[in-house]
Amino acid sequence: MVNLGSRKVVKKITIQVTKTEDNETAVIKQVAFVESTLTKAPEAEAAKPQNVSATAGAKSVSLSWDAMANVTGYKVYYGTTQNGMTQVQTTENNCITISGLENLKKYYFVVVGTSGE
């Protein structure tokens, strides 16, 4: 285990270990962050996909949005009130069809990019 000290938000860490002289396991004694570090987590707005569109179907809705870089998937929160989006579905794609809805009922949707969830 490598102790990274205080928590820092970084985009990517690459550690390259080459062959040791006597073919023994290499030990990393220190990792130093010298550039490309962020002092705080990205704002929540950065996790919101752009150009979300919805197409109503029979007891369903199809949602699509612009794919985002540096995310592993998306969570779609939905419900019948803005403060009551208690349902959630996940996808790795930049589109999803949510079924089991009631026709002629108003629904609210929020799409959020996720990483490693």
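Nothing here was measured: the structure is a model prediction, and the numbers come from that model.
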Which heavy atom of [X] sits nearest a heavy atom of [Y], and at what distance?
{"X": "Met68", "Y": "Lys48", "value": "SD-C, 4.1 Å"}
{"X": "Pro49", "Y": "Trp65", "value": "CB-CD1, 3.5 Å"}
{"X": "Leu63", "Y": "Ala54", "value": "CD2-CB, 3.5 Å"}

How would you list, by chain and number, every residue that makes a side chain to side chain contact (heavy atoms under 4.5 Å, CB included) with Asn51, sequence neighbours excluded? Asp66

Using the test side chain to side chain contact (heavy atoms under 4.5 Å, CB included), find all partners of Ala56 that sit at least two apart in sequence or belong to another chain. none

Show me the donor-acceptor pairs within less than 3.5 Å that the side chains of residues 80-93 make with the rest of the protein, sequence neighbours left out.
from, atom 1, to, atom 2, distance (Å)
Thr81, OG1, Gly84, N, 2.9
Gln89, NE2, Tyr78, OH, 3.4
Thr91, OG1, Asn93, N, 3.1

Extract all donor-acceptor atom pairs below 3.5 Å that involve side chains of residues 96-111 and protein atoms in other chains or at least two apart in sequence.
from, atom 1, to, atom 2, distance (Å)
Thr97, OG1, Ser62, OG, 3.0
Asn103, OD1, Lys59, N, 2.8
Tyr107, OH, Glu102, N, 3.0

